[in-house]
Q: 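Starting off with a structure, shown below.
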Protein chains: 2
Amino acid sequence: MNIRTLCLGILSFREATGYEIKKLVEEGMFSHFIDASYGSIYPALTHMESEGMLTVRAEEQSGKPDKKVYAITERGRASLSEALDVLPRPDKFKSEFLFQMLLARALSGEQLAAVYDTRLRDLTEELGRIKACSTAGATDFGLRFVNGYGQAIVGAAVQYLEERREEMLNEAASRSADAAE
Amino acid sequence: MNIRTLCLGILSFREATGYEIKKLVEEGMFSHFIDASYGSIYPALTHMESEGMLTVRAEEQSGKPDKKVYAITERGRASLSEALDVLPRPDKFKSEFLFQMLLARALSGEQLAAVYDTRLRDLTEELGRIKACSTAGATDFGLRFVNGYGQAIVGAAVQYLEERREEMLNEAASRSADAAE
DNA sequence: TCGATATATATCGACTTGATATAAAAATCG
DNA sequence: CGATTTTTATATCAAGTCGATATATATCGA
């Protein structure tokens with residue numbers, strides 16, 4: 001699935017500017033399982049507009065650059081349907097954190113603790129954000145499902161990190177002691 | 001973190017060829033949270049060899065192309081330490097499946113069921129694979145931690161999908177009925 | 001024996017990211 | 001009130017990465 005399909009999907013909910021799409025993907029309901037940069041969003045919108053999948057409405061604003069509000073067309077909806085009518089590719093999960101944990105033996109005890117606690121804090125905050133918007137999207141069952149998924153997965157991660165914290169940091173500390181002998 | 005650091009990390013465990021690195025990343029302990037293609041691995045190895053971070057040993061094989069076995073040098077270990085001495089970037093999770101679930105209203109009931117059950121089966125298999133290699137890596141505490149993390153997260157996903165299955169498919173079916181009225 | 005799969009390296013087009021540029025309104029703050 | 005930061009908004013580009021493909025041989029099962 002490419003950025004074009006992502007944009008079509010978002011625009012199937014409501015019309016939006018490239019900037020708004022980026023914000024949705026960065027902070028909104030989408031942020032937990034999708035990525036997209038300006039460098040891919042803007043060309044995608046321009047391209048799809050030229051293909052008749054979107055319409056643009058330039059909202060003039062005093063001084064500021066025109067706001068280009070994109071809306072999906074029938075052709076766009078057809079293209080979206082087509083793109084969704086295939087089995088999704090396997091999920092992709094990239095974690096520099098887990099890579100560092102795997103190489104934990106190469107880290108100092110302090111560094112490990114710093115990395116671990118930062119990750120735990122970030123995950124806890126993320127869980128809070130997900131729970132915060134669980135009430136808002138209670139209408140659509142797709143939204144509810146995705147929000148619940150986020151809570152389940154991030155919740156499990158937080159729980160695991162909390163459970164293993166002592167063990168992990170102690171083991172790293174004792175290993176440092178071994179090395180010092 | 002780039003592919004170069006990934007290669008250094010793997011080569012800090014043992015020497016390997018580009019092909020073996022790709023297999024480890026694709027099937028081994030790393031596969032659940034790392035990605036890398038030949039198109040990035042081979043150039044990275046060549047480049048780092050020229051910088052003195054790796055050594056190559058060409059193992060001749062009758063007929064087959066030479067096996068280029070790479071090993072990390074002291075300079076390579078130093079570079080790895082340096083690369084690990086920063087806070088990891090936030091994890092990235094990309095899921096076409098969740099994107100489709102979000103747009104579930106645009107899918108037919110049959111398509112939704114097919115997508116859902118495929119995902120559930122894939123996740124269950126992945127959980128099996130992770131559990132299968134949990135005994136093997138019981139020695140290193142980094143390996144144990146990462147394996148446990150995988151079990152916790154994928155286990156939570158499987159559980160969530162199983163719990164919500166009826167609800168999700170029923171709701172999709174009833175929505176189809178609404179649309180038909 | 002014949003097609004499929006595995007071993008092994010290598011390249012390349014297409015796509016994406018992350019950074020940067022530009023510009024002005026709005027908000028924050030001493 | 002004036003100064004600084006943040007937010008709104010579009011756009012581009014180098015660097016990095018993926019996915020596909022090419023090449024060549026061995027091995028394994030039907």
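Naming convention: chains lettered A, B, ... in sequence-line order (proteins, then strands); numbering from 1 in each chain.
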Q: Taking ring-ring contact (aromatic ring centres under 6.0 Å, His included) as the cut-off, I'd like each qualifying pair that reaches into residues 145-170 of chain A, sequence neighbours left out, listed once.
A: F145(A)-Y116(B), F145(A)-Y160(B), Y149(A)-Y160(B), Y160(A)-F145(B), Y160(A)-Y149(B)

Q: Show every donor-acceptor pair shorter than 3.5 Å between a side-chain atom in residues 42-52 of chain A and any protein atom, with sequence neighbours excluded, or say none if there are none.
A:
unit_1: T46(A); atom_1: OG1; unit_2: Y42(A); atom_2: O; d: 2.9
unit_1: S50(A); atom_1: OG; unit_2: H47(A); atom_2: O; d: 2.7

Q: Do R77(B) and E74(B) pass the side-chain contact (heavy atoms from CB on, under 4.5 Å) test, and can you show the C-alpha distance, the side-chain angles, and the key distance before you say yes or no?
A: CA-CA 5 Å; R77(B) 284 190 194 275; E74(B) 271 315 304; 4.1 Å; yes

Q: In whole angstroms, how far is the C1' atom of dA26(D) from the CD atom of E59(B)?
A: 17 Å

Q: What is the separation between atom OH on Y70(A) and atom P on dA9(D), rounded to the nearest whole Å?
A: 14 Å

Q: Enumerate the protein-to-nucleotides 16-19 of chain D contacts in which both atoms are nitrogen or oxygen and the separation is below 3.5 Å.
A:
unit_1: dT17(D); atom_1: OP1; unit_2: I3(B); atom_2: N; d: 3.4
unit_1: dC18(D); atom_1: OP2; unit_2: S37(B); atom_2: N; d: 3.1
unit_1: dC18(D); atom_1: OP2; unit_2: S37(B); atom_2: OG; d: 3.2
unit_1: dC18(D); atom_1: OP2; unit_2: S40(B); atom_2: OG; d: 3.0
unit_1: dG19(D); atom_1: OP1; unit_2: K92(A); atom_2: NZ; d: 2.8

Q: What residues, two or more places apart in sequence or in another chain, satisfy side chain to side chain donor-acceptor pair (under 3.5 Å) together with E126(B)?
A: H32(B)

Q: Hey, can you pull the residues of residues 41-50 of chain A with a non-hydrogen atom under 4.0 angstrom from DNA chain C?
A: none

Q: Under the salt bridge (charged side-chain N to carboxylate O under 4.0 Å, His left out) test, which residues partner E26(A), sequence neighbours left out?
A: K22(A), K23(A)

Q: What's K23(A) touching, base or sugar-phosphate or nothing? Going by heavy atoms closer than 4.0 Å.
A: nothing

Q: What's the CD-P distance between E96(A) and dT17(C), to the nearest Å?
A: 15 Å

Q: Nearest to the side chain of K68(A), heavy atoms from C-beta on, is which of dA9(D), dA11(D), dT9(C)?
A: dA11(D)

Q: Tell me the closest heavy-atom pair linking A157(B) and L123(B), and the distance in Å.
A: CB-CD1, 3.9 Å

Q: Go through the side-chain N and O atoms of Q100(A) and E96(A) and say whether any donor and acceptor fall under 3.5 Å apart.
A: no

Q: Could you work out, with side chain to side chain donor-acceptor pair (under 3.5 Å) as the rule, every residue matching K94(B), not counting sequence neighbours?
A: none

Q: Who passes side chain to side chain donor-acceptor pair (under 3.5 Å) against E110(A), sequence neighbours left out?
A: none

Q: For the helix from dT1(C)-dA30(D) to dG30(C)-dC1(D), how many degrees between its two end axes (five pairs per end), to the nearest 10°?
A: 50°

Q: With no hydrogens and no angle check, is any side-chain donor or acceptor of D117(A) less than 3.5 Å from a backbone partner on L120(A)?
A: no

Q: Contact list please: residues 8-22 of chain B against DNA chain D, heavy atoms, distance less than 4.0 Å, in numerical order.
A: none

Q: Restricting to side chain to side chain donor-acceptor pair (under 3.5 Å), what partner residues turn up for K131(A), sequence neighbours left out?
A: none

Q: Restricting to pairs with a member in residues 8-20 of chain B, which pass salt bridge (Lys or Arg N to Asp or Glu O under 4.0 Å), not counting sequence neighbours?
A: E15(B)-R57(B)

Q: Round to the nearest Å and state the distance from L24(A) atom CG to dT8(D) atom C1'.
A: 14 Å

Q: Validate the cation-pi geometry between R164(B) and F141(A): distance from NZ or CZ to the six-membered ring centre under 6.0 Å, angle to the ring axis within 45°.
A: no

